[in-house]
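These notes concern the structure reproduced below.
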Amino acid sequence: MNRIVTAFLGVIGAGALLVAAPSCSSNEGNAALVCVPGRTLSCSCDTGGEGLQTCLPGGSGYGTCSFCQEAPNIGIEAGFVDVSPDLGGLDEGVGPCLGFDDFDIDGDQDVILTGRSSDPSTFSPGQVMIYENLGGGKFSPKPVALLSTGTSLLCVSADFDRDGKPDVVVKVDGLDNSSTLAYFKNLGGFKFEKDELGFDVIPLDDHMVLGLGTFDANNDGWLDLVIGRSHGGGPSTSDACKMLDNDFVCESSPSPGTSGPIVYRNDNGRFKLLPFMLSGPFPGTTNALAFADLDGNGLPDLVMANDWYSNHVHLQTAAGQFSRAETNLGLAQFNHGMGIAITDFDLDGYPDVYTTDLGPNNLWFGNSKGTFENLNKETGISAITRYHSNWASIAEDFNLNGLPDIFVASSGVVTNEEDMIKMAMVAMAPINDLVPQFDLLFWNHGNRVFAPMSLPHRGHQNPFVIFASSAAADYDGDGDVDILVSAGDGLQMRLLRNEQPPGNYLTIELVGRNSNPHGIGAVVELMKSGIVAQRRYAGAGGSLGTSWHRVHFGLGTSPTLDGVRVRWPGGHTQVVSGVAANHVLTIVED
């Protein structure tokens with residue numbers, strides 16, 4: 001994680017870039033470097049200079065590069081339209097705090113995000129704002145909802161005090177890598193009040209934190225917080241790094257003394273620090289946290305995507321009790337985990353896990369044995385993502401055909417395998433090649449076949465901003481899921497409206513009574529002809545950004561279905577029969 005944070009801080013004004021910029025001209029005619037997709041051949045600046053060093057932020061402007069071979073032939077999907085101006089008053093640059101939620105409880109999804117600092121010369125986001133959904137696809141900023149200021153912020157929204165309104169927890173990171181937490185209670189009318197007593201203890205970390213998530217860890221109906229630590233890491237020599245099965249891996253072991261994630265138990269609206277809960281040893285860098293019932297016992301489990309180290313899976317064996325299980329499940333792999341999406345992609349009745357990577361992404365399919373198999377090469381996902389800096393991922397049925405698709409936000413530096421191995425060195429060896437980045441959308445065609453498309457960026461992609469976040473919701477109420485993404489130079493925000501051909505759908509709002517208010521951790525199933533036709537895991541997203549709390553299904557040409565079955569956290573099952581398509585169905589826990 002050190003190289004990611006260093007590059008990130010370099011861009012936000014902490015000093016000169018510490019990642020060495022490449023000299024494009026040195027690559028020409030270099031027989032030692034094999035031609036790979038996207039490899040840089042030469043560059044020239046708009047002002048006439050040569051080499052990327054003078055084309056990047058410390059130099060004279062952006063340059064134009066030619067490539068040995070363009071990135072894989074992926075067309076632009078015309079079904080999504082950039083409607084960012086619909087967010088009235090939005091500054092081009094935003095921070096990583098980003099998401100959808102219904103803050104005024106009117107049924108429409110509002111937007112939360114961080115805006116750029118008032119100082120235009122810095123990258124730093126300056127404030128957390130909420131934009132009211134006015135209906136008709138339009139938004140308006142709500143100045144009364146200004147939550148916090150800071151340098152780099154993450155946030156998560158949910159009904160933490162069980163009063164029916166979503167609150168916000170903000171994670172503020174300083175340039176000195178110090179961190180703090182703030183809890184804002186929703187008073188209604190887009191007014192928020194900072195609860196100074198919301199956290200009993202607020203530990204200050206010595207590094208930035210990128211993993212922030214919420215689930216009911218002890219199944220008491222109150223949503224808890226898990227915060228992934230970022231203490232750096234990675235091997236000290238390139239001997240620990242290699243290409244294995246078309247993936248770049250560094251087989252490093254975390255220090256036994258490295259502290260684990262911060263876990264807060266929600267005690268009737270007050271967060272109490274839990275010093276012991278999850279079993280280590282822990283990696284130095286956790287970039288994403290996801291929560292879903294992987295073993296079918298009715299209790300949500302925790303999946304951690306880690307940089308430089310293996311994924312972690314903590315199965316919840318009893319309320320509030322967890323056991324490490326990634327090796328037994330087949331989900332252990334040394335990679336550069338950045339984001340997680342969990343759903344049943346192949347509709348076989350078992351959860352599947354998608355993880356993003358600095359390099360080939362991974363797609364693990366669950367099976368009847370309770371284990372997982374990585375089929376990233378077989379699905380074609382590995383080849384497409386191999387030279388991408390892949391971050392936030394989302395699993396939603398964007399084209400309403402009944403099969404969950406995959407969105408991936410990409411940003412930053414990715415090079416060939418020779419340079420990736422060099423970059424594993426703490427000394428931060430120079431980068432020779434840069435590969436153009438673009439966001440990806442994988443259409444799910446069934447039978448574990450995925451077809452890639454790209455989504456347009458809004459201008460220059462600064463290769464040294466290694467960061468991206470995204471969220472999903474049907475903000476315009478037309479039945480399909482839209483995307484909010486922050487990536488690229490200045491973390492450009494894009495609101496992408498889904499304009500796929502119309503199809504049938506069902507959106508479900510879960511209201512927990514004994515369970516947590518949003519039903520996070522529940523398994524929702526659509527029944528057709530007496531069998532489970534589709535399955536979703538409520539609140540299973542695990543990437544930067546907060547998606548809506550609703551559960552969405554595409555139905556294709558089906559106007560009706562037999563019913564919906566919900567297995568609430570803890571195992572209680574509830575069935576709703578005779579459900580029609582094309583509306584929002586509210587299911588209150590009985």
Side-chain angles (χ1 to χ4, degrees), residues 1 200-201 203 205-207 209-220 222-234 249-267 271-340 342 351 353 355 362 364 366 369-372 520-521 537 539-540 542 569-570:
M1 187 61 195
D200 63 342
V201 178
D205 291 337
D206 57 351
H207 279 273
V209 169
L210 300 180
L212 176 63
T214 182
F215 79 131
D216 189 355
N218 57 351
N219 202 32
D220 65 351
W222 295 83
L223 286 170
D224 310 300
L225 283 174
V226 183
I227 303 171
R229 293 178 183 265
S230 175
H231 290 296
V249 298
C250 293
E251 298 186 6
S252 306
S253 298
S255 170
T258 302
S259 53
I262 302 171
V263 180
Y264 282 99
R265 179 175 59 87
N266 188 340
D267 184 8
F271 292 104
K272 303 295 181 66
L273 184 65
L274 295 179
F276 303 102
M277 182 177 181
L278 306 174
S279 57
F282 294 98
T285 299
T286 297
N287 288 323
L289 305 163
F291 310 94
D293 183 7
L294 298 182
D295 55 3
N297 68 348
L299 300 171
D301 309 306
L302 168 61
V303 182
M304 299 165 54
N306 304 316
D307 199 5
W308 296 114
Y309 301 104
S310 173
N311 297 323
H312 278 192
V313 178
H314 300 266
L315 292 181
Q316 191 169 185
T317 56
Q321 299 180 20
F322 293 82
S323 175
R324 282 279 295 279
E326 65 271 8
T327 300
N328 292 337
L329 293 177
L331 284 168
Q333 180 167 326
F334 289 90
N335 54 13
H336 300 277
M338 300 293 168
I340 312 169
I342 302 177
V353 179
T355 59
N362 299 290
W364 283 275
K369 300 178 181 178
T371 58
F372 294 80
I520 293 175
Y537 298 85

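On a predicted model such as this, the values are computed, not experimentally measured, just so you know.
- Looking only at distances, a side-chain donor or acceptor of N297 sits under 3.5 Å from a matching main-chain atom of Q316.
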Does the side-chain contact (heavy atoms from CB on, under 4.5 Å) test come out yes or no for L329 and W364, once each step is laid out? CA-CA 10 Å; L329 293 177; W364 283 275; over 6 Å; no

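- With rounding to the nearest 0.5 Å, the separation of CZ in R324 from CG in L278 is 9.5 Å.
- Note that CG of N287 is 4.5 Å distant from CE of M338, once rounded to the nearest 0.5 Å.
- Here the closest heavy-atom approach between residue N218 and residue A319 is recorded as O-CB, 3.4 Å.
- A pairwise comparison of heavy atoms in G228 and P261 identifies CA-CB, 4.4 Å as the closest pair.
- The shortest heavy-atom contact between D267 and K272 is OD2-NZ, 3.2 Å.
- Using the six-membered ring where Trp is involved, F271 and Y264 have ring planes that are perpendicular, over 60° apart on the 30 and 60° scheme.
- Taking 4.5 Å as the limit, some side-chain heavy atom of H314 sits within range of a side-chain heavy atom of M304.
- N362 contributes no side-chain N or O that, together with a main-chain N or O of T355, makes up a donor-acceptor pair within less than 3.5 Å.
- Across all non-hydrogen atoms, the minimal contact from A540 to A290 is O-CB, 3.5 Å.
- Two residues are said to be in side-chain contact when any heavy atoms from C-beta on lie closer than 4.5 Å; N266 and L225 fail this criterion.
- For the atom pair CG of D224 and CE of M277, the computed distance is 6.5 Å after rounding to the nearest 0.5 Å.
- Across every non-hydrogen atom of N306 and S310, the tightest pair is ND2-O, 2.7 Å.
- Between the OG1 atom in T286 and the CG atom in L302 there is a gap of 9.0 Å [rounded to 0.5 Å].
- Closest approach of G339 and A288 over heavy atoms only: CA-CB, 3.8 Å.
- Residues passing the ring pair (Phe, Tyr, Trp, His ring centres under 6.0 Å) test with F372: none are found, sequence neighbours excluded.
- The line from CG of D293 to CD1 of I342 is 10.5 Å long, rounded to the nearest 0.5 Å.
- D216 places no side-chain N or O within donor-acceptor distance of the main-chain N or O of I520, the cut-off being under 3.5 Å.
- To the nearest 0.5 Å, the span separating OG1 on T317 from CG on D295 amounts to 8.5 Å.
- For Y537, the ring pair (Phe, Tyr, Trp, His ring centres under 6.0 Å) criterion is met by no residue, not counting sequence neighbours.
- In terms of modelled atom types and a separation under 3.5 Å, the side chain of D301 and the main chain of L294 share a donor-acceptor contact.
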